[in-house]
Protein chains: 2
Amino acid sequence: MNPNAAPVRKQNKRREKEVVILQAAEKIFAEEGFGGATMQLIADAAQLPKANVHYYFSTKEELYRQVVSNIFDVWLQAAGSFEESDGPAEGIGAYIDAKMEISRTRPAGSKVWASEVMHGAPIIQDYLETTLVEWTNSRIQAIEAWIAAGLMDPISPRHLLYMIWATTQHYADFGHQIQTLNHNSPLSEDEWNRAKDSVKTIILKGIGVAT
Amino acid sequence: MNPNAAPVRKQNKRREKEVVILQAAEKIFAEEGFGGATMQLIADAAQLPKANVHYYFSTKEELYRQVVSNIFDVWLQAAGSFEESDGPAEGIGAYIDAKMEISRTRPAGSKVWASEVMHGAPIIQDYLETTLVEWTNSRIQAIEAWIAAGLMDPISPRHLLYMIWATTQHYADFGHQIQTLNHNSPLSEDEWNRAKDSVKTIILKGIGVAT
DNA sequence: ATGCACCCTGACCATTCGGTCAAGAATTTT
DNA sequence: AAAATTCTTGACCGAATGGTCAGGGTGCAT
């Protein structure tokens, strides 16, 4: 009996190994691109034989699909604080903070996402057309409400969102360039805070929100 | 005699063919990434046999290097209007316009550049460390002078530049995502102007420049 | 203890890729 | 005109890649 429930220990072990492979794959896909990444490189990064990786993820595309899907979830959840906030100062400020934090902690994921979209989103086009469109329209409505309430300037909510996405993700996707321009050293804790403050200050003032 | 001067007709023909290959390569590298692009795809796009492409560019890396180098030049020249302007309203406004125009007319080039930097700039790292560092420091000085003259807020010039780069290039690099969010159709002339205006309005107001 | 389902991996395969080459065509120089 | 240089291209090659598979190992239920 109980034919459906697999042993708990085994299930955990399987999941743990999948996570190890997914993390290695995210790193390699970010560094090499989809075409440049090889299953051997991913297997080496995960410290497993290549055939073992293929046991958990049958094809390179299947593995890539799951990496991209994971990042998309993180991306969407970054705006949890958006709607439930009182006004633009708190809502947009927190959203910028959240997205900057993702750039700092998950730069590889951000690069994989950027690469996927840059190449025409061959894998996650359906998500863009459904989830992302809904998500965006919902945020645009929130911003329009703030504008109608006189809490901020009547700017284009859509282009404001693009600016926030672009600027925050730039710190991950172009992290190498930023590091080169920072005496070849990664941003320190203070420098990250300076970046966050700069982005928030300019954008919030730019849309007429007092801080 | 005249052993050094090659025939003009032949030289022109060679240059023309190189340009055809470079344009095809820029498109394919943008669509497929360096690893995903194949010499056969590039040759097909240029409507030439693969061996003929190898006659003009001995290796894939050499071809890629020239594509990236071309884009870097465009990138730098976009700021010609920066220093010779009277103040931030004109200088930064014109710079944003120029960069938005590049995103509109050379999206493939922008993507190749983004891809190169995202993967650690393996080919043009030396340019980043020399030309780009000098270029950036020079612009930072100009902005600091404007701040000292009280023409704009005392924001971080460095992060302002990052924001301009990120936002303007976003319209090329993430053009597919923007198109998906625009009812699956490319931005019209009016929509491009709306985008330009939005970016300039928010950034210029954000740094305390009256327009 | 024994059967069973899941896990592991070295060896292997077909395909594709970047790059070469030789032989001929076209164009310029003498 | 004929020699010399440059251009063109089909055929080919070694290396690398994604994916397969057989055979053995491991841990759980009965």
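Note: hydrogens, waters and symmetry copies are ignored here, and every other heavy atom, side chains too, is used. Residue numbers begin at 1 in each chain, while the letters A, B, ... track the order of the sequences.
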| dC8(C) P sits how many Å from Leu48(A) CG, rounded? | 8 Å
| said: Any non-hydrogen side-chain atom of Tyr56(B) less than 4.5 Å from a side-chain atom of Glu62(B)? | reply: no
| Nearest-nucleotide pick for Lys17(A), side chain only, options being dC7(C), dG10(D), dC8(C) | dC8(C)
| request: Have a look at Phe57(A) and say if it touches a base, only the backbone sugar-phosphate, or nothing, with a 4.0 Å heavy-atom cut-off. | output: nothing
| query | Hey, what bend do you get for the helix from dA1(C)-dT30(D) to dT30(C)-dA1(D) if you fit axes on five pairs at each end, rounded to 10°? | reply | 10°
| field | Glu101(A) with Lys196(A): basic N within carboxylate O range, under 4.0 Å | value | yes
| message | Measure CZ/Arg15(B) against C1'/dT6(D) and give the value in whole Å, please. | response | 18 Å
| field | N or O in side chain of Arg14(A) less than 4.0 angstrom from dC7(C) OP1/OP2 | value | yes
| Does a side-chain N or O from Tyr55(B) land closer than 4.0 Å to OP1 or OP2 of dT8(D), or not? | no
| Quick one: which of dC8(C), dT9(D), dT9(C) gets closest to the side chain of Pro49(B)? | dT9(D)
| remark: The contact string for nucleotides 11-22 of chain D, one letter per nucleotide 5' to 3', using protein heavy atoms under 4.0 Å with B, S and - for base, sugar-phosphate only and none, comes out as ------SBBBB-
| query | Given dT8(D), is OP1 or OP2 found less than 4.0 Å from the side-chain N or O atoms of Tyr56(B)? | reply | yes
| Closest to side chain of Asn52(B), choosing from dT9(C), dT9(D), dC7(D) | dT9(D)
| remark: Test side chain to side chain contact (heavy atoms under 4.5 Å, CB included), reference Phe34(B), set Lys60(B), His119(B), Glu116(B), output is Lys60(B)
